[in-house]
Structures are given as C-alpha cells and as structure tokens.
Amino acid sequence: MTLKVSGAELSEGGATRRISVLPKSVAAAEFILKFPRPGDARLEVSVRAGVDADAVVRILPVRPDGRPVHLSTSSLVDGETVLELDVPKDAIPGTTRSRLTLHRGPLTQFIEGLDGMLVEPYGCFEQTSSCNYPNLMIVRYLRANGIRKPDIEKRAMDFLARGYQRLLGFEVGSKSGGFSLYGQAPASPWLTAYGLMEFQDMAKVYPVDPALLDRIRAFLKGGMRGDGSFALDGGAHERVAGGLLAETAYVVWALGSEAPETSLRFLRENLPEIRKDAYLSALAANALRAKDPQTANALARGLKALALREKIGGKIVLRMSAARSLAWGYGETAGIEAMALSALAVLDSGESLDFAREALASLQSQIGPRGAWHSTHATVLSLKALERASIAGRNMGPATATVRVGEEAPKTLRIPAEETAAPVVLPIELKPGPNRIRIRTEGAPLAARLSCETYVPWAAAEAPSEPAANPLLAHVRYDKTEAGQGSAVSGTLEISAKERTVEVPMVEWGLPAGFEPSAADLDAAKADGLLERWEISGRTLRLYFPDLPPGPPKTLRVRFTATSKGSLAAPAGRAYEYYRREAAVALPPVRFTIR
C-alpha cells in the first residue's frame with residue numbers, strides 16, 4: 001500500500017506499507033500526517049497485489065486553527081449599487097476567501113437556499129420539513145417554466161422521497177394526524193399546519209398518501225375551540241404578540257378552502273388587533289386569501305403603512321418589525337418572516353406591486369453567507385416569495401454586470417437569458433478592513449451577494465465576531481488530554497442561559513478523529529430529560545436540549561473512547577439558540593495526544 005499526498009506531510013514511516021489480508025477479511029495500515037497550512041489536502045492510496053491493483057483519491061479540507069467568521073452582504077441590483085464588507089483586521093493571513101455571487105432567476109436561489117440549509121442540522125420536524133421544502137420548489141419551478149434540467153430534477157426528487165419518509169416518522173402515536181418536533185406527544189397544531197402545507201404542495205409533484213392529508217386535516221379541525229380559535233402550543237407561542245391570533249391564522253392558511261367559517265369569523269372579529277402588527281397582518285392576509293379575498297386584500301394594502309425604512313449603506317431599505325414569530329424567530333429573523341409573508345400577501349392581491357418589489361429587494365439584501373435567510377423557516381418563506389414573484393412576472397432577458405473592487409479595473413460579466421441552474425460566481429480578493437464593491441447592471445436586475453469566510457485567532461474571544469447578544473454560556477472540558485489507544489476520556493459540557501429562557505438550544509461538540517462517544521451516556525441523559533435528541537454527523541456530536549431557563553448550568557458528562565493514535569485536535573464547536581444561530585458561542589478546539 002502506497003500513500004501519495006499533497007498539502008500534507010508524512011511525518012514518519014515512509015509512504016509504503018506491506019500488509020496481509022486474509023480472504024473475506026479487512027486489514028489496515030497506519031500513516032501519520034502533518035498539515036502545515038490550511039486548504040485542501042489530496043490523499044491518493046494505491047494498493048498492489050501481484051498483477052492486481054486499485055487506487056482511491058480523497059480530498060481532505062484542512063481548516064485554519066482559529067475562530068471561523070462568516071460575513072455577507074446582499075442586494076437586488078437594478079442599475080448601480082455598492083456592496084460594503086468589513087473584514088476583521090486580525091484575520092489570520094492567508095485564510096480569507098471571498099466571492100461575489102450573481103443570480104439571474106429564482107432557480108439558482110432555490111438550489112443555493114437548499115444547499116445552505118443542508119449544512120445545518122435537521123433533527124426535528126420543522127428543520128426536516130424546511131430543509132425538504134426547496135426540493136419541491138425546484139421541481140415545481142422547472143416544470144411550470146418548461147426548463148429541462150434532468151440532473152437537478154432527479155436530485156430534488158431523490159431528496160423529496162427521503163424527506164417524505166423521514167417526515168412520516170414525526171407523526172404522534174398511531175396515525176393520529178398530529179405532528180410534533182420529535183414525534184412525541186403532545187402534537188403541535190402549528191407544526192401540524194406547517195406539515196399540511198408542505199404535504200399539499202408536495203402532492204403536486206410527488207405521490208403523497210391522500211389518507212395522510214385527510215388525517216392531518218381532521219386533526220386540525222378537531223382542535224378548534226368554540227370561538228373558532230386554535231389552542232396555542234405553549235412555550236414560545238404564548239410569548240408571540242397575538243399568539244392565539246397568529247396560530248389560528250396559520251391553521252386557517254393551511255386548511256385553505258376547508259377552513260371552518262367559525263375560524264374565519266374569529267379572525268375578522270379581531271381585525272382591529274391584527275392591523276396593529278405587521279407579522280399578524282401579513283399572516284392573516286395569507287390565511288384569508290382562499291375564502292375571503294376582499295378582507296385579505298384590505299390587510300395587504302395596510303402592510304405598506306406598517307413597514308419601516310432604514311438607511312443602510314447609503315440606500316433606503318425596507319424592514320418589517322416583528323419581535324417574535326411562531327417559528328421561534330426573534331428580531332431580524334422574525335422580521336424576515338414578516339417581510340416574506342408581506343410579499344406573498346401583496347403579490348397575491350395584485351395591488352401595490354411597487355411595495356412588493358421593495359419587499360423582495362429587502363429579502364435579497366438579507367441573505368446570509370450560505371445563501372439562506374438566518375433560519376430554515378425564514379428561508380422557506382423567502383423562497384416562496386421569490387417563487388411567487390417569478391410567476392407574477394418573469395423578465396428573462398440577458399443581463400450584463402460590471403464589477404469594480406476598490407480602485408481595481410472593472411470586470412464585465414454577461415449573464416445569458418436562459419436559466420443556467422448555476423449562478424455566476426466571481427472570486428474577489430478582500431483585504432482586512434473596509435471593502436467596497438461597485439456593481440452596475442444592464443438589461444435586467446440581478447441578485448448580488450458578497451460573502452466572505454475568514455479566521456481570527458482564538459485569543460480574540462471577545463472580538464466583535466462573538467456577538468454580545470448571545471443568550472447562552474457554554475464550556476467544554478476534559479479530564480485528560482493524554483491517553484492510551486482504546487482508553488476512555490471523560491468530557492464535560494456546561495450550558496446555561498444568561499437572562500431569559502433559551503428556546504431550542506443546541507450544541508455542536510467537535511470530536512477528535514477516532515473519538516467515539518458513549519451511546520449509553522447520551523441515552524441516559526435523554527432518558528433523564530437533559531437531552532431531547534442526539535446524533536453524530538461526521539466529527540460533530542449534535543445535542544438538542546429542551547428549552548433552557550435562566551439558572552444554574554446544566555451539566556452533561558460523556559465518555560469517549562480514543563480509537564486512533566496520534567496528535568489530534570477536536571474541531572471547533574458552537575452552542576446557539578437554533579433560530580438565532582448567527583449569535584453562537586464558539587467552543588475552541590482541544591488538543592490530545594493518544595499513544
């Protein structure tokens with residue numbers, strides 16, 4: 001067996017090993033590597049036995065030893081605009097990677113939005129649903145617009161099939177029709193309504209069991225109270241402004257033409273309260289669309305007066321104020337949900353289309369570094385608004401973009417008229433400190449996003465890249481950092497809430513190569529109510545905690561078996577409130593020596 005490497009160094013023992021493999025058995029050879037610099041390391045392993053030979057190549061990403069910082073700024077460019085991005089001045093040299101992404105139409109944004117969510121955990125019903133939603137949007141958009149992309153459609157349909165089966169596992173009990181975050185009682189009316197909307201949309205492109213849809217509708221209708229409202233889920237929903245109205249509107253929206261008239265009457269009777277709030281108004285406008293379009297249009301017209309305008313980067317940008325959403329969104333994330341719901345409501349009304357364009361431009365300006373909108377639910381609603389806008393009026397002519405970085409010579413890019421299923425991506429060199437990218441378009445508007453990934457030293461623990469608004473405190477420690485192969489290392493995680501209850505707290509605990517966590521310890525923590533769920537993805541142990549009120553820290557102890565020798569480092573981890581992951585506590589890497 002011979003190992004050839006680039007981007008890495010063989011530290012001892014040379015590049016060739018002789019091994020014996022018995023029939024129907026497995027043998028292994030050990031190589032110790034050092035990685036002197038970040039980037040991609042290429043490993044080629046070749047095996048020869050007499051005249052027989054085989055080889056395999058793997059690309060191994062090597063991360064810098066520092067805290068990752070993800071930055072982005074976006075805009076809908078129709079004419080000329082300037083994107084500004086500040087790169088940390090203490091960025092580790094050679095670690096900054098930046099690019100400008102230009103989208104011609106919704107299709108590439110659906111794909112990028114999907115990819116952006118697939119890198120996030122998807123352990124609960126809402127996360128799984130939201131990660132699956134862009135797949136049906138892709139298929140629906142391709143078919144509706146006569147775009148032939150067999151490879152993309154096949155990929156999306158494969159994801160749909162797997163997602164559909166996974167979603168069925170969250171139904172509470174034996175075919176109750178109700179769904180919850182982890183498939184345990186009690187079922188959640190809001191999550192069930194969200195599931196109904198997705199299954200109904202999915203049924204247009206994928207075979208969905210009609211009996212499932214009937215069960216879900218029966219469950220929702222059976223939960224209606226005497227006044228037409230639907231019971232709150234508790235917890236976060238009790239703290240949403242107008243929570244009972246919001247939940248009722250969401251269930252009515254999901255039921256569509258089958259919504260009970262009593263529920264519509266409940267919403268109409270509370271219109272004075274609904275009209276005070278942008279999130280409630282937009283949600284109710286969408287809810288009433290199927291059976292009371294007149295009232296829905298009136299609510300849509302009122303959204304313009306509820307919008308806020310802020311000056312950002314020399315431009316006036318539309319914003320919607322929303323403190324909380326049903327999907328656990330706070331602040332900016334809740335505002336994105338309200339903006340997407342507003343765009344949907346106005347586009348469906350066919351009125352105030354100038355306001356709709358402003359709303360869509362606002363959504364384009366708030367895309368995150370990975371092409372998603374902060375949370376899975378905000379991303380789905382934003383993609384729905386983009387899809388609806390593409391139906392309302394497609395402008396698919398060719399476009400030209402001229403890009404100038406600082407004082408460099410401008411570059412001109414031509415974007416063809418057809419959907420290409422791939423955005424135009426231009427690598428950009430950004431320097432530490434402020435950067436300005438000037439973009440001018442001709443022929444058609446483009447969605448532009450400037451994104452940057454860099455690393456700063458771990459010593460900069462209190463740098464601006466650690467948001468002060470993080471509601472969590474978290475720390476990981478180990479009983480030892482030197483051990484023998486096959487022995488156990490005990491790790492302890494402490495997590496606490498600062499000033500308020502933290503909802504859906506999550507921890508991504510980085511695992512050194514060859515460290516196997518004790519399933520018995522994790523299952524015991526779940527049985528004791530300390531954990532809702534746990535899963536391993538690559539070298540990350542993902543932990544889902546119940547809502548965490550302020551108070552003494554919760555402590556989780558896990559034993560790890562060290563199965564590999566060498567000088568190893570645990571990847572960096574993070575702790576965050578799932579729907580505010582942009583404000584995360586970084587868990588620095590820890591180095592181990594396993595002999």
Open item on the list: Counting only heavy atoms from other residues, nucleotides and ligands, does the tally under 6.0 Å from CZ of Arg539 exceed 12?
Closed with: yes
Task: Arg319 bridged to Glu332 by N-O distance under 4.0 Å - done: no
Task: Side chains of Phe515 and Ile594 in contact at under 4.5 Å (non-hydrogen atoms) - done: yes
Open item on the list: So, taking the atom named CG in Leu191 and the one named CG in Leu196, what distance separates them when rounded to the nearest 0.5 Å?
Closed with: 12.5 Å
TODO: Quick one: which residue pairs count as a salt bridge (Lys or Arg N to Asp or Glu O under 4.0 Å) with a foot in residues 183-196, not counting sequence neighbours?
DONE: none
TODO: Would you verify whether the NZ or CZ of Arg17 falls within 45 degrees of the ring axis of Phe31 while also being under 6.0 Å from that six-membered ring's centre?
DONE: yes
Open item on the list: Check this for me: Lys431, atom NZ, are more than 12 non-hydrogen atoms of other residues, nucleotides or ligands nearer than 6.0 Å?
Closed with: no
Open item on the list: Using 0.5 Å steps for rounding, measure from the OG atom of Ser567 to the CZ atom of Arg595.
Closed with: 9.5 Å
TODO: Give a yes or no on this: more than 12 heavy atoms of other residues, nucleotides or ligands lie within 6.0 Å of atom CD of Glu499.
DONE: no
- [ ] May I have the step-by-step check of side chain to side chain contact (heavy atoms under 4.5 Å, CB included) for Lys554 and Leu530, ending in yes or no?
- [x] CA-CA 8 Å; Lys554 301 290 185 181; Leu530 180 58; 3.8 Å; yes
- [ ] Could you tell me whether Glu9 and Lys34 make a salt bridge, using a distance below 4.0 angstrom between a side-chain N and a carboxylate O?
- [x] no
Task: Any side-chain heavy-atom pair of Pro457 and Ile92 under 4.5 Å - done: yes
Open item on the list: Under 3.5 Å, is there a donor on one side chain and an acceptor on the other for Tyr455 and Asp65?
Closed with: no
Task: Check: Leu167 and Asn132 side chains under 4.5 Å, non-hydrogen atoms - done: yes
TODO: Identify the heavy atoms of Leu511 and Pro517 that sit nearest to each other, and give their distance.
DONE: CD1-CD, 4.2 Å
Task: Side chains of Val590 and Thr481 in contact at under 4.5 Å (non-hydrogen atoms) - done: yes
Task: Distance-only polar pair, side chains of Ser325 and Glu337, donor-acceptor under 3.5 Å - done: yes
- [ ] Salt-bridge test for Arg58 and Glu44: reply yes if a basic N is under 4.0 Å from a carboxylate O, no otherwise.
- [x] no
Open item on the list: If I compare all heavy atoms of Pro588 with all of Ala586, which pair ends up nearest, and what's the gap?
Closed with: CD-O, 3.5 Å
Task: Near-ring test Phe170/Tyr182, centroid separation under 6.0 angstrom - done: no
TODO: Measure the CG-CG distance between Asp158 and Asn135 for me, rounded to the nearest 0.5 Å.
DONE: 9.5 Å
TODO: Heavy atoms only: give me the nearest Thr192-Ser188 pair and the separation to one decimal.
DONE: OG1-O, 2.6 Å
- [ ] For Gly529 and Pro546, work out which heavy atoms get closest and say how close.
- [x] O-CG, 3.4 Å
Task: Interatomic spacing from CG in Leu543 to CG in Leu522 - rounded to 0.5 Å - done: 6.5 Å
Task: Basic-acidic side-chain contact under 4.0 Å: Glu577, Arg500 - done: yes
Task: Contact summary for Ser176 and Phe219, nearest pair of heavy atoms - done: O-CB, 3.8 Å
Task: Between Thr454 and Thr96: side-chain donor-acceptor atoms closer than 3.5 Å - done: yes
TODO: Please find out if less than 6.0 Å separates the ring center of Trp509 from that of Phe560.
DONE: yes
- [ ] Hey, could you give me the CG/CG distance between Leu450 and Leu430, rounded to the nearest 0.5 Å?
- [x] 5.5 Å
Task: Inter-residue atom distance Leu136.CG - Glu198.CD, 0.5 Å rounding - done: 6.0 Å
- [ ] Only pairs at least two apart or in different chains count here, so list each ring-ring contact (aromatic ring centres under 6.0 Å, His included) that has a residue in residues 471-496.
- [x] Tyr478-Phe592
Open item on the list: On a heavy-atom basis, which atom in Ala497 and which in Leu548 lie closest, and how many Å separate them?
Closed with: CB-O, 3.4 Å
Task: Glu429: side chain to side chain donor-acceptor pair (under 3.5 Å) partners, not counting sequence neighbours - done: none
- [ ] Kindly state whether the ring of Phe179 and the ring of Phe125 have centres lying under 6.0 angstrom apart.
- [x] yes
TODO: Report yes if some heavy atom in the side chain of His377 is under 4.5 Å from a heavy atom in the side chain of Leu326; otherwise report no.
DONE: no
